[in-house]
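Written out below as structure tokens is the structure these notes cover.
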Amino acid sequence: QVQLVESGGGLVQPGGSLRLSCAASGSIFSINTMGWYRQAPGKQREQVATITSGGSTNYADSVKGRFTISRDNAKNTVYLQMNSLKPEDTAVYYCNADVLSTTNLYRYLEVWGQGTLVTVSS
């Protein structure tokens with residue numbers, strides 16, 4: 001069993017910053033790609049940023065230059081530093097990871113966190 005637990009969401013004014021964290025725990029052998037997704041009210045879930053175990057990153061056009069994804073492989077944790085936040089960044093942010101579990105070394109499992117709400121409003 002593998003769990004992802006996000007933290008760091010909250011209410012912030014436009015132009016402000018927040019840092020999200022997501023820690024993976026459980027029967028982990030290794031983690032490949034980790035990422036952040038978000039879902040705004042009435043919209044589909046969208047990819048925000050991803051990072052591979054080697055540190056290669058990918059960002060949605062809407063957050064390039066404002067958000068930075070990073071990870072600490074020793075802690076099985078991924079972070080999302082969000083700067084210059086806009087009202088349109090308001091959403092539930094979900095952590096995602098491709099995990100190779102010690103209980104199943106034959107294929108990676110896609111694991112999701114429970115989500116953390118980010119509200120950008122004055």
- Between the side chains of Tyr93 and Arg38, does any donor sit under 3.5 Å from an acceptor? yes

- Message: Can you give me the closest heavy-atom contact between Ala49 and Leu80, atom names plus distance?
- Response: CB-CD1, 4.3 Å

- Query: Donor-acceptor pair, Asn76 side chain versus Ser25 backbone, under 3.5 Å?
  - Reply: no

- Evaluate the side-chain contact (heavy atoms from CB on, under 4.5 Å) criterion for residues Leu20 and Thr116: first the C-alpha distance (whole Å), next the side-chain angles of each, then the deciding distance (0.1 Å), finally the verdict. CA-CA 8 Å; Leu20 305 182; Thr116 185; 4.1 Å; yes

- Any side-chain heavy atom of Thr57 sitting closer than 4.5 Å to one from Thr50? no

- Can you tell me if Ser101 uses its side chain to pair, donor with acceptor, with the backbone of Ser27 under 3.5 Å? yes

- Query: Would you say Thr77's side chain and Lys75's backbone share a donor-acceptor pair under 3.5 angstrom?
  - Reply: yes

- Just by modelled atom types, is the Gln114 backbone N or O under 3.5 Å from a matching donor or acceptor in the Glu6 side chain? yes

- Message: Using side-chain contact (heavy atoms from CB on, under 4.5 Å), reason through Asn83 and Leu85 one step at a time and then give a plain yes or no.
- Response: CA-CA 5 Å; Asn83 299 329; Leu85 282 161; over 6 Å; no

- Hey, what do you get for CG (Asn96) to CZ (Arg45), rounding to the nearest 0.5 Å? 8.5 Å

- Just jot down the salt bridge (charged side-chain N to carboxylate O under 4.0 Å, His left out) partners of Lys43, sequence neighbours excluded, or say none. none

- Measure across Ala97 and Ile31 and return the closest heavy-atom pair with its distance rounded to 0.1 Å. CB-CG2, 4.1 Å

- Message: If you define the side chain from C-beta out and look only at heavy atoms, does anything of Ser30 sit under 4.5 Å from Ser53?
- Response: no

- Are Glu46 and Gln44 close enough, and set up right, to give a side-chain contact (heavy atoms from CB on, under 4.5 Å), and what steps lead you there? CA-CA 6 Å; Glu46 64 175 355; Gln44 291 189 332; over 6 Å; no

- Query: Do Ile69 and Val63 sit in the same hydrophobic cluster, where Ile, Leu, Val, Met, Phe, Trp and Tyr count as joined when their side-chain heavy atoms come under 4.5 Å apart?
  - Reply: yes

- Hey, do the aromatic rings of Phe67 and Trp36 have their centres closer than 6.0 Å? no

- Query: Shared ILVMFWY cluster between Val92 and Val48, side chains joined below 4.5 angstrom?
  - Reply: no

- Cation-pi geometry met for Arg71 and Tyr79 (6.0 Å, 45°): no

- Task: Determine whether the side chains of Thr119 and Ser121 contain a donor N or O and an acceptor N or O closer than 3.5 Å.
- Result: no

- In terms of heavy-atom contacts, does CD of Glu88 have more than 12 from other residues, nucleotides or ligands at under 6.0 Å? yes

- Specify the closest pair of heavy atoms between Cys22 and Leu4, including all atoms of both residues, with the distance to one decimal. SG-CB, 3.8 Å

- In terms of heavy-atom contacts, Asp98 and Tyr108 come closest through O-CD2, 3.5 Å

- Stepwise side-chain contact (heavy atoms from CB on, under 4.5 Å) test for Leu100 and Tyr106: CA-CA 8 Å; Leu100 199 60; Tyr106 295 99; over 6 Å; no

- Is there a chain of hydrophobic side chains (I, L, V, M, F, W, Y, each step under 4.5 Å between heavy atoms) that links Val111 to Tyr37? no

- For Ser17 and Ser84 the tightest heavy-atom approach is OG-N, 4.4 Å

- Task: With sequence neighbours left out, write down each residue that passes salt bridge (charged side-chain N to carboxylate O under 4.0 Å, His left out) with Arg66, or none if nothing qualifies.
- Result: Asp89

- Note on the structure: In this structure, CD1 of Ile51 is separated from CG of Asn73 (nearest 0.5 Å) by 8.0 Å

- Query: Considering all heavy atoms of both residues, which atom of Asn58 and which atom of Gln47 are nearest to each other, and what is their separation?
  - Reply: ND2-NE2, 3.2 Å

- Query: Any link between Leu117 and Trp112 through a network of hydrophobic side chains (Ile, Leu, Val, Met, Phe, Trp, Tyr) touching at under 4.5 Å?
  - Reply: yes

- Does a side-chain heavy-atom distance below 4.5 Å link Val118 with Met82? yes

- Task: Indicate if Val2 and Val78 have the same hydrophobic cluster label, given that clusters are the connected sets of ILVMFWY residues with side-chain heavy-atom separations under 4.5 angstrom.
- Result: yes

